[in-house]
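Okay, structure first, notes after.
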Amino acid sequence: MIDLVALRKDPEAFAVAWKLRGMDVDVTALVEADTKVRQLKTESENKRSEANAASKSIGQAAREGKDIGEAKEAARLLGEEAKELNEKRESLEKELHDQLLGLPNPCLSDVPHGAGENDNVAGEQWGSVPGFTFAPKPHWELATELDIIDFERGSKMSGSGFVVYKGMGARLNRALINFFLQTLVDEEGYTELNVPLLVRPETMQGTGQLPKFGDQLYHCQEDDLYLIPTAEVPVTNFYANEILDAEQLPCKMTAHTPCFRREAGAAGVGTRGITRVHQFDKVEMVWLTKPEDTEKNLLELRSNAEKLLQKLGLHYRILDLCTGDTGFSAAHTYDLEVWSPGTGTWLEVSSCSTFTDFQSRRAKLRYRPEKGAKPELLYTLNGSGLALPRCLIAILETYQQEDGSIEIPDVLKPFMGLDAIS
RNA sequence: GGAAGGAUGGCAGAGCGGUUGAAUGCGCUGGUCUUGAAAACCAGUAUACCUUUGCAGGUAUCCAGGGUUCGAAUCCCUGUCCUUCCGCCA
């Protein structure tokens, strides 16, 4: 959520920022509502103050044994008036608050301007397009022939968009999880968390999935719990409503979880294989930081994800997302896209973002800059490290041999216990 | 799933429905004393918001949300969490 006080001070700046995201927001109406709320607040508080004073003198009079019948009625009326004004304020304030919850984070100043994904800025590439002496196959063919992914039985049990990894496929998936976690923990100083996959509505609101994107989430109605679409949700909310000490920052956490996404509206968007599924594994990196140097932190976070791709020897590129394509809660996002030789396309395997204080304000994530100082909102960042299925795709397609077997990248061999899948 | 008990300031722990934002102790901060430290003594020590240039004033907050009442930390209802017991169970 954005800072209402900042909006009050410079509404035009917000209007411009939202315009860059392709949204026309009536900031004047927002500011007017805010003014009205504060006016009602002052009125109701003054009335409440009168009522409190009246009650107090009744208490005094009662102790002195005086008659308090009339005074009681007067105090009751004052109390009622105060309550009425306050209820008016509350409903207006809630309305305003709900509107604010639906407004995205303004992008940082160095984010490229643009309307949509075509305006994203392609940055550096690492490695080069792998060459083949034969026509490389797409992963779904390789996986089916090797019998390491069972698409049909996945949809038999759960519908389309669900798959079963089998044999060496399951092992490769597990090897990747272990490789990612171990690298992040041992080499980059992350703390590993194993978190709940079902969370409450307020947790979803903390990171921005709710109220706006509820239709993308699986919901367990009986218990009013949501299946997480990413580990970002429980990991970022880990310290929600808490005040951290400055020494605890930056706090780097990582977690492997399955991710559940309804992908409503994305059905049939020409994705074969495991590029877009309803359930997949992902290792996520989350940072809680002090507000300064968030762009620098973002680059470092991104480099952690890049290192994983480099170790796997996968060709990838960096995309600097433009204002029109940056996600709702993010202020600046870099995507990492890996090359898929079988389809000749780039696949997003990591999305690294800073959320400034947008999530912190929702989740009440604060820290104390110095001992005895006032608590302040901290900044949150996160990035995938990495999304499993698309890494798996890139590995199968990049390391495929002419005979249909798959060579295992060196860094994964200890986790696989073999050199090739055939 | 059933039964019972609990949730108060950084921590511990009081609190007959009426100057209780909340005793007391510890902790913390400042001061006195001391060569320095400790001890002792004195003073201060929650958060958010609103009004105000400022001084200052006001409102809310004793898990959360409702209710009773002129007045609620205190009484009633609902929810959340914790503890204990029973049942079930990987």
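Below, chain A is the first sequence line, B the second, and so on; all start at residue 1. These values consider heavy atoms only, across backbone and side chains, with no hydrogens, waters or symmetry-generated copies. These numbers come from a predicted model, not from an experiment.
In this structure, CG of A/Leu225 is placed 11 Å from P of B/rU80, rounded to the nearest angstrom. What separates CD of A/Glu376 from C1' of B/rA48 is a distance of 15 Å, to the nearest Å. Rounded to an integer number of Å, the gap from CZ of A/Arg89 to P of B/rC50 is 11 Å. Computed from coordinates, the A/Asp224 CG to B/rU78 P distance equals 20 Å when rounded to whole Å. To the nearest angstrom, P of B/rU47 lies 7 Å from CZ of A/Arg368. At whole-Å resolution of the value, CG in A/Asn86 and C1' in B/rU59 are 9 Å apart. Taking atom CD1 of A/Ile243 as the reference point, atom P of B/rA46 lies 14 Å away to the nearest angstrom. A straight line from CG of A/Asn241 to P of B/rU80 spans 17 Å, rounded to a whole angstrom.
Residue A/Lys307 qualifies as enclosed at atom NZ: its count of foreign heavy atoms under 6.0 Å is above 12. Within 6.0 Å of CD on A/Glu117 lie no more than 12 heavy atoms contributed by other residues, nucleotides or ligands.
Partners of A/Lys137 under the salt bridge (Lys or Arg N to Asp or Glu O under 4.0 Å) rule, at least two apart in sequence or in another chain, are A/Glu145.
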Do A/Thr294 and A/Thr354 pass the side chain to side chain donor-acceptor pair (under 3.5 Å) test, and can you show the C-alpha distance, the side-chain angles, and the key distance before you say yes or no?
-> CA-CA 7 Å; A/Thr294 199; A/Thr354 172; 2.8 Å; yes

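Nucleotides B/rC50 and B/rG67, compared at atom C1', are 27 Å apart to the nearest Å. The separation of B/rA39 from B/rG31, taken at their C1' atoms, amounts to 16 Å, rounded to a whole angstrom. Taking atom P in both B/rG10 and B/rA46, the straight-line distance is 9 Å, to the nearest Å. Rounded to a whole angstrom, the distance from the P atom of B/rG25 to that of B/rG13 is 16 Å. B/rG27 and B/rU34: their C1' atoms are spaced 24 Å apart (whole Å). Taking atom C1' in both B/rU32 and B/rA37, the straight-line distance is 15 Å, to the nearest Å. Nucleotides B/rU8 and B/rU69, compared at atom C1', are 23 Å apart to the nearest Å. Look at the P atom in both B/rG2 and B/rU59: the space between them is 44 Å, to the nearest Å.
Side-chain contact of A/Asn105 with A/Thr356: a donor-acceptor pair under 3.5 Å is present, judged by distance alone. Side-chain contact of A/His256 with A/Asn178: a donor-acceptor pair under 3.5 Å is absent, judged by distance alone. One side chain, A/Asn304 or A/Tyr190, offers a donor N or O that lies under 3.5 Å from an acceptor on the other. Using a 3.5 Å distance cut-off with no hydrogens or angles, the side chains of A/Gln359 and A/Thr380 do pair a donor with an acceptor.
Using a 30° and 60° split on the angle between ring planes, A/His278 and A/Phe162 fall in the tilted class, from 30° to 60°.
Nearest-nucleotide positions on RNA chain B for A/Gln60 and A/Val5 put A/Gln60 closer to the 5' end. For the pair A/Arg366 and A/Lys56, both in contact range of RNA chain B, the more 5′-proximal nearest nucleotide belongs to A/Lys56.
Distances from the side chain of A/Arg38 to the nucleotides B/rG18, B/rU51, B/rA48 place B/rU51 closest. Distance from the side chain of A/Ser49 is smallest to B/rU59 among B/rU59, B/rG18, B/rC81.
The side-chain contact (heavy atoms from CB on, under 4.5 Å) test with A/Leu4 is passed by exactly one of A/Val37, A/Leu100, A/Leu30: A/Leu100.
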Check nucleotides 60-67 of chain B for protein N or O atoms closer than 3.5 Å to its own N or O atoms and list the pairs.
none

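Taking the six-membered ring where the residue is Trp, the centroids of A/Tyr226 and A/Phe260 are separated by 6.0 Å or more.
For RNA chain B, if you chain together Watson-Crick or G-U pairs that step i with j, i+1 with j-1 and so on, the runs of at least three with distances under 3.5 Å are B:1-7 with B:80-86, B:10-12 with B:24-26, B:27-32 with B:40-45, B:46-51 with B:56-61, B:63-67 with B:75-79.
When heavy atoms are screened at a 4.0 angstrom cut-off, A/Arg361 is found touching no nucleic acid atom at all. Contacts of A/Arg200 with the nucleic acid, taken as non-hydrogen atoms under 4.0 Å apart, involve only primed sugar atoms and P, OP1 or OP2.
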